[in-house]
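Read the structure below first, then the notes.
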2 protein chains.
Amino acid sequence: MATVSALGYALLCALHRGPLTGYELVQRMRKPIGYYWTAQQSQIYPELARLSANGLIEHDAEAGPGPRQRKTHRLTAAGREALAGWLVEPPAPRAFRDETLLRTYALAAADPEGMREFYLAEAETYQRRLDAFQEQHADLLSRHADDPSHPQFGAYATLELALAGTPPRIRWCRWMAEQMAELARRREPSG
Amino acid sequence: MATVSALGYALLCALHRGPLTGYELVQRMRKPIGYYWTAQQSQIYPELARLSANGLIEHDAEAGPGPRQRKTHRLTAAGREALAGWLVEPPAPRAFRDETLLRTYALAAADPEGMREFYLAEAETYQRRLDAFQEQHADLLSRHADDPSHPQFGAYATLELALAGTPPRIRWCRWMAEQMAELARRREPSG
DNA sequence: GGAGACTATGTCAAAATTGACATAGCAAGG
DNA sequence: CCTTGCTATGTCAATTTTGACATAGTCTCC
């Protein structure tokens, strides 16, 4: 059996609830799924071809806008099986990259006032994200997605984690901004 | 002026407190910095050469073990300036990838009992990580690194965020395991 | 005395990812 | 009428990242 890349599994995940066109998959990798797994258009179309060649997905084609056909992709039985098998596998250790933490590590080399503004901007970014998550969370709750047997419980659960993890991050950003203000005061003790 | 990649800035960050050999940088990109920015050996050596060609770092060379010279790299004035400028820049939106959340999104396609074990294993992984962070945090505190003017305040601050963010994640993993147990009970209501 | 780990440098091919380009119909607003 | 945006498919070159290979001295444990 052919090996499937992480992106391949991401696409299988996106298709688990029903058929989608390549274009719709591109949208999904931006908005709901893009919050925890992103991919460019230029990655998605070749990967769909690969999954198809491996028999994990199949598609119907109709006439579409533009010069090419519009294809609606869905999981095959083999695809569903491959997905189910992967889901319960212990995850291979993945590179985790956080530019904000990287900058924080080298804090001592930066201007405190500049860093203060940086952390305040970060806090605002995360606050906006939190607001959006809360809206989606409320929407899913109103559709009773908090029931583990609800088909959208998975999407609901990802928001639960975001809602638990984002406020501590916002508080940390604000705390960092305060620390930077304090540092700036000490360095330039003007009256 | 030549543009510097994210990895390049990561190396400048690693060098902000003093000179290091390539080998030591490889270690740093695994342990302290590796928690938020990773890089392989095969990336680091060419990137050091690039930074050097751009005049952002320079090195002394001595005889080393093995067939090549041992080089100790340090920031130049230009490197220090480039780092300081980058640190306060608003970060370019970066791809964030979380395999656990990806799996959670497609939960409905998986076996609940298998997923329960998956989440319990995740909780344990994060618990071990938290223990390690707490140890390092206590160590830095004993050296008064919680003072924003302390040279290691940046490292201390990264641990502060980890300590705030990890417990909610562990709680979420345990909650998910419970939900999966509940789901398994419902599907197989044996007496 | 030999096996394995650590210090220390680097290369190479393959895979994954990004960003820009290319084609086209259809709809909406000014 | 013209521009902008949306649907829809794909390609291409360049960059980034991964994983494996290669060399060689020292040190520690069995």
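Because the structure is a prediction, the values reported are computed rather than measured. Letters go in sequence order (proteins before strands), and every chain restarts at 1.
In this structure, A:Arg94 places its CZ atom 9 Å from P of C:dA16, rounding to the nearest Å. Rounded to a whole Å, the CD1 atom of B:Ile44 is 12 Å from the P atom of C:dG10. Between A:Lys31 atom NZ and D:dC6 atom C1' there is a gap of 16 Å when expressed in whole angstrom units. Counting to the nearest Å, the C1' atom of D:dT7 and the CZ atom of A:Arg30 are 12 Å from each other. Between A:Met29 atom CE and D:dA8 atom C1' the separation is 18 Å, expressed in whole Å. Rounded to a whole Å, the CD atom of A:Glu47 is 15 Å from the C1' atom of D:dG10. Between the C1' atom of D:dT16 and the CZ atom of B:Arg50 lies a distance of 9 Å, rounded to the nearest Å. Taking atom CD of A:Glu62 as the reference point, atom P of D:dA8 lies 9 Å away to the nearest angstrom.
Ring centroid separation for the pair B:Tyr119 and B:Trp175 does not come in under the 6.0 Å cut-off.
In this structure, A:Glu135 places its CD atom where only 12 or fewer heavy-atom neighbours from other residues, nucleotides or ligands lie under 6.0 Å away.
Toward the 5' end of DNA chain C, the nearer of the two residues A:Thr38 and B:Gln27, judged by each one's closest nucleotide, is B:Gln27.
For the residue pair B:Glu160 and B:Tyr156, a side-chain donor N or O sits within less than 3.5 Å of a side-chain acceptor on the partner.
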Once base and sugar-phosphate atoms are separated, protein heavy atoms under 4.0 Å mark nucleotides 19-29 of chain D, 5' to 3', with B, S and - as BB--BBS----
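If you check every strand for non-hydrogen atoms under 4.0 Å, A:Arg97 touches sugar and phosphate atoms only. As judged by a 4.0 angstrom heavy-atom cut-off over every strand, B:Ala95 is placed among residues touching the sugar-phosphate backbone only.
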Checking A:Arg186 against B:Ser149 for the side chain to side chain donor-acceptor pair (under 3.5 Å) test, could you report, in this order, the C-alpha distance in whole Å, the side-chain angles of both residues, the deciding distance, and whether it holds?
CA-CA 9 Å; A:Arg186 279 196 223 171; B:Ser149 59; 3.3 Å; yes
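Between A:Arg174 and A:Glu178 there is no salt bridge, since none of the side-chain N atoms of the basic residue sits less than 4.0 Å from a carboxylate O of the acidic one.
The phosphate of C:dT7 has OP1 or OP2 within less than 4.0 Å of a side-chain N or O from B:Tyr23.
Each of C:dT9, C:dT17, C:dA16 was ranked by its minimum atom distance to the side chain of B:Thr21; first place goes to C:dT9.
Legend: residues meeting ring-ring contact (aromatic ring centres under 6.0 Å, His included) with B:Tyr36, ordered by chain and number and at least two apart, are absent.
Looking only at distances, no side-chain donor or acceptor of B:Thr72 sits under 3.5 Å from a matching main-chain atom of B:His59.
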